[in-house]
Enquirer: 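Got a structure for you, questions after.
Just so we're on the same page: letters track the sequence lines, and every chain starts at 1.
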Amino acid sequence: MQGELYVYNTLTKKKEKFQALTPPFVGMYVCGPTVYNDVHIGNCRTFISFDIVFRYLQHLGYKVRYVRNITDVGHLENDADNGEDKIAKKAKLENLEPMEIVQKYTNGFHDVMKAFNVLSPSIEPTATAHLVEQIETTQQIIDKGFAYVSNGSVYFDVEKFAKTNHYGELSGRKIDELISATRENLDGQDDKKSSLDFALWKQASPEHIMQWNSPWGKGFPGWHLECSVMSTKYLGEQFDIHGGGMDLKFPHHECEIAQNKAANGKEAVKYWLHANMLTLNGEKMSKSTGKFFLPSQLFTGESEFVSKAYSPMTVRFFMMQCHYASTLDFSDEALQAAEKGFKRILAATALLPELKTSENSQVDVTELSKRCYDSMNDDFNTPMVVATLFDAVKEINLVKQGSKTISVEHVAVLQKLFNDFLIDIMGIIPEEEKGNDVANGLMEVILDLRKDAKQNKNYTMSDKIRDELKALNIVIKDTKEGTEWTYEK
RNA sequence: GGUCCUGUGGCCGAGCGGCUAGGCAGAGGUCUGCAAAACCUUCCACAGCGGUUCGAAUCCGCUCGGGACCUCCA
């Protein structure tokens with residue numbers, strides 16, 4: 001039933017059959033956030049995408065060690081020698097200790113992840129907790145001859161590395177073109193032999209507040225290094241999956257590949273997976289351009305981009321309707337459409353336990369299950385899973401209105417289908433919006449009064465009750481079985 | 001400028017050689033006191049021009065849009 005999983009490997013640009021290096025174990029590393037300010041919805045998309053990968057691999061029975069780092073040092077504003085560390089800069093700005101910044105935004109990140117029902121990774125290492133390892137790896141790369149010390153900093157020698165290795169393989173870049181393209185702008189990079197070179201270790205100026213001792217003097221690690229070091233430490237020199245946002249392909253992931261290869265001579269990663277960008281009016285959401293918005297703005301509806309509040313699960317469902325490797329455009333209209341569809345799915349699943357069953361079943365539940373697995377196996381194609389779930393919704397409704405029959409066994413299969421794919425794999429928890437006991441009791445009284453009014457053909461009264469409840473966001477539906485009510489925000 | 005991705009109906013978004021994607025919106029209908037919901041039916045597509053093929057949204061070429069990366073970004 002489950003079939004074979006195929007994943008699109010951005011290194012080979014092909015869909016490949018997924019074969020774990022050492023089954024049933026899978027090692028997966030995903031580049032986490034730099035915690036110098038709030039994560040935006042675009043950031044969230046990447047982590048939700050890899051949450052699906054994590055969940056599905058586990059569903060298939062793999063024992064996954066999922067490492068997702070927190071970058072808390074070394075991420076510079078730009079590549080120049082005087083480039084400021086993002087966290088140090090923010091610390092100055094907010095007048096806080098750098099580690100306070102780190103803590104503050106790490107907490108915020110975790111809160112958002114929790115709201116989106118993103119599972120915690122197995123290990124969430126930070127760069128500052130792995131300085132010793134980063135210094136060791138830097139030394140290792142120097143010893144292998146692929147890095148050089150210059151004025152208290154250590155740089156990776158890209159051109160030398162490229163003579164014996166394929167630098168640019170992941171991002172499709174050619175070393176000669178890179179050299180000629182960047183030769184002109186060498187401003188402020190005097191310590192480097194080539195502008196292509198990147199820092200493994202950076203000398204800290206005296207006023208720099210984040211600095212540590214090293215064999216090369218006081219400094220701090222380069223951004224790319226932490227991922228190489230921590231993935232190696234927790235997943236070994238070779239592991240199965242490395243993920244991250246598309247925008248990290250170059251230079252970050254390219255540098256990671258080079259570092260790993262230089263340090264231990266091995267290709268570390270078997271499958272590279274890249275999640276695509278979330279766009280806003282067709283353009284990439286980005287912290288640096290200010291074109292983004294925050295999850296909290298979405299949940300409260302306080303943004304010029306949205307007309308109302310959307311729940312975290314609605315947003316997650318919205319993202320499931322698009323493949324992770326395609327860009328997804330964010331708009332109020334699209335969110336509204338997703339919200340309506342999502343409610344329809346929830347309404348149908350709620351009907352499931354109370355469906356009238358028969359001996360014969362006219363619902364092809366095997367086909368529905370198969371389609372869900374086939375879709376997930378085809379590079380985690382959640383939009384196709386969602387489409388299949390909507391087909392299941394249609395079947396449920398047909399049974400409900402008596403146009404089709406279903407057996408007890410098949411109801412159980414459908415129940416499992418929604419549990420597996422909607423809840424476990426896509427991570428969407430049905431949001432119960434049931435009132436408390438008092439509210440339920442009150443509603444019972446009110447609906448009873450309305451029922452009396454209707455029986456007496458006092459429609460003025462029954463409509464008044466309905467209209468006034470509507471004004472309180474309570475929606476009433478008269479069905480054959482009686483009157484239902486829901487509270488809608 | 002270089003490298004790469006992309007252009008699907010009113011909107012979002014799958015499909016990637018032949019078979020209805022799906023959701024939302026629109027129209028008609030069934031049901032209903034009326035609504036709502038649900039279901040049924042229906043409308044609206046593959047940027048343009050060539051080529052390959054028995055057959056192309058799907059492959060190839062060109063043209064025209066849009067975007068990403070080449071500085072920091074998930």
Enquirer: Do you know which two heavy atoms are closest between A:Met426 and A:Leu389, and how far apart they sit?
Expert: CE-CD1, 3.7 Å
Enquirer: Is the distance from OP1 or OP2 of B:rG33 to the nearest side-chain N or O of A:Lys454 less than 4.0 Å?
Expert: no
Enquirer: Which is true for A:Ser286 with a 4.0 Å heavy-atom rule: it touches a base, it touches only sugar-phosphate, or it touches nothing?
Expert: base
Enquirer: To the nearest Å, how far apart are A:Lys340 NZ and B:rA36 P?
Expert: 12 Å
Enquirer: What string of B, S and - do you get for nucleotides 8-14 of chain B, 5' to 3', if B is base contact, S is sugar-phosphate-only contact and - is no contact with any protein heavy atom under 4.0 Å?
Expert: ---SSSS
Enquirer: Under 6.0 Å from the six-membered ring centre of A:Phe390 and within 45° of its axis: does the NZ or CZ of A:Arg344 meet both?
Expert: no
Enquirer: Within residues 114-122 of chain A, which residues have any heavy atom lying less than 4.0 Å from an atom of RNA chain B?
Expert: none
Enquirer: Just call it for A:Lys284: base, sugar-phosphate, or nothing, with non-hydrogen atoms closer than 4.0 Å on any strand.
Expert: base
Enquirer: Is the positively charged end of A:Arg68 above the ring of A:Phe47, judged by distance under 6.0 angstrom from the centroid and angle within 45° of the axis?
Expert: yes
Enquirer: In terms of side-chain heavy atoms of A:Val475, which of B:rA36, B:rC69, B:rA21 is nearest?
Expert: B:rA36
Enquirer: Once the angle between the rings of A:Phe198 and A:His224 is folded into 0 to 90°, is it parallel (under 30°), tilted (30 to 60°) or perpendicular (over 60°)?
Expert: perpendicular
Enquirer: Is any side-chain heavy atom of A:Asn440 closer than 4.5 Å to one of A:Trp485?
Expert: yes
Enquirer: Counting only side-chain N and O atoms of A:Asn397, is one of them less than 4.0 Å from OP1 or OP2 of B:rA38?
Expert: no
Enquirer: Which residue is it: A:Phe318, A:Phe299, A:Phe317? I am looking for the one with a ring pair (Phe, Tyr, Trp, His ring centres under 6.0 Å) to A:Phe116.
Expert: A:Phe299
Enquirer: Counting only Watson-Crick or G-U wobble pairs whose two distances fall under 3.5 Å, which nucleotide matches B:rC19?
Expert: none
Enquirer: Is the closest side-chain heavy-atom distance between A:Tyr167 and A:Ile257 below 4.5 Å?
Expert: no
Enquirer: Could you check which nucleotide pairs with B:rC39 in any of the strands shown, counting Watson-Crick or G-U wobble with both distances under 3.5 Å?
Expert: B:rG29
Enquirer: Calculate the interatomic distance between A:Lys86 atom NZ and B:rC72 atom P; express it in whole Å.
Expert: 9 Å
Enquirer: Could you give the distance separating B:rG9 and B:rC49 at their P atoms, to the nearest angstrom?
Expert: 16 Å
Enquirer: To the nearest angstrom, how far is A:Met277 atom CE from B:rG66 atom P?
Expert: 21 Å
Enquirer: Using heavy-atom distances to pick each residue's nearest nucleotide on RNA chain B, tell me which of A:Phe317 and A:Lys15 is more 5'.
Expert: A:Lys15
Enquirer: Both A:Gly172 and A:Ala275 contact RNA chain B. Taking the nearest nucleotide for each, which residue is further toward the 5' end?
Expert: A:Gly172
Enquirer: NA contact type, A:Gly42, heavy-atom cut-off 4.0 Å: base, sugar-phosphate, or nothing?
Expert: base
Enquirer: Between atom CH2 in A:Trp485 and atom P in B:rA37, what is the gap in whole Å?
Expert: 19 Å
Enquirer: With a 4.0 Å cutoff (strictly under), does any side-chain N or O of A:Lys13 reach OP1 or OP2 of B:rC5?
Expert: no
Enquirer: Is the aromatic ring of A:Tyr459 within stacking range of B:rG33, meaning centres under 5.5 angstrom and planes under 30 degrees?
Expert: yes
Enquirer: Do A:Glu124 and A:Ser120 have side-chain N/O donor and acceptor atoms under 3.5 Å apart?
Expert: no
Enquirer: Can you tell me the distance, in whole Å, between the CG atom of A:Leu389 and the P atom of B:rG22?
Expert: 14 Å
Enquirer: Is it the case that more than 12 heavy atoms not belonging to A:Lys291 sit under 6.0 Å from its NZ atom?
Expert: yes
Enquirer: Checking contacts here: which listed nucleotide (B:rA74, B:rC34, B:rG67) is nearest the side-chain heavy atoms of A:Arg466?
Expert: B:rC34
Enquirer: Need one value for A:Leu335: base, sugar-phosphate or nothing, where a base atom within 4.0 Å counts as base even if backbone is also close, heavy atoms only.
Expert: nothing
Enquirer: With rounding to the closest Å, how many angstrom separate the P atoms on B:rC54 and B:rA14?
Expert: 33 Å
Enquirer: With a 4.5 Å limit on heavy-atom distance, are the side chains of A:Lys193 and A:Tyr155 in contact?
Expert: no
Enquirer: With rounding to the closest Å, how many angstrom separate the P atoms on B:rA45 and B:rC59?
Expert: 22 Å
Enquirer: Roughly how many Å apart are B:rG22 and B:rC31, using the C1' atom of each and rounding to a whole number?
Expert: 26 Å
Enquirer: Between A:Thr71 and A:Glu226, is the side chain to side chain donor-acceptor pair (under 3.5 Å) condition met? List the steps.
Expert: CA-CA 8 Å; A:Thr71 297; A:Glu226 56 172 297; 3.1 Å; yes
Enquirer: Side chain of A:Asp478 only, heavy atoms from C-beta on: which candidate in B:rA25, B:rC69, B:rA35 is closest?
Expert: B:rA35
Enquirer: How is A:Lys174 classified with respect to the nucleic acid when contacts are heavy atoms under 4.0 Å: base, sugar-phosphate, or nothing?
Expert: nothing
Enquirer: With heavy atoms under 4.0 Å as the rule, sort A:Arg344 into base, sugar-phosphate or nothing.
Expert: sugar-phosphate
Enquirer: State the pairing partner of B:rU3; accept Watson-Crick or G-U wobble contacts with both distances under 3.5 Å, and report none otherwise.
Expert: B:rA68
Enquirer: If you measure from the C1' atom in B:rC62 to the same atom in B:rG7, how many Å do you get, rounded?
Expert: 16 Å
Enquirer: Would you measure the distance from the C1' atom in B:rG67 across to the matching atom in B:rG61 and give it in whole Å?
Expert: 22 Å
Enquirer: Rounded to the nearest angstrom, tell me the gap between atom CE in A:Met319 and atom C1' in B:rG22.
Expert: 19 Å
Enquirer: What distance, rounded to whole Å, do you find between the two P atoms, one in B:rU20 and one in B:rU41?
Expert: 14 Å
Enquirer: Let's test this: given Watson-Crick or G-U wobble pairing with both distances under 3.5 Å, identify the partner of B:rG61.
Expert: B:rC49
Enquirer: With P as the reference atom in both, quote the distance from B:rA57 to B:rG48 in angstrom, rounded to an integer.
Expert: 11 Å
Enquirer: What is the separation between atom CD on A:Gln455 and atom C1' on B:rG33, rounded to the nearest whole Å?
Expert: 13 Å
Enquirer: From CZ of A:Arg173 over to P of B:rG1, roughly how many Å is that when rounded to an integer?
Expert: 17 Å
Enquirer: In Å and rounded to the nearest 0.5 Å, what is the CG to CG distance from A:Asp364 to A:Asp391?
Expert: 11.5 Å
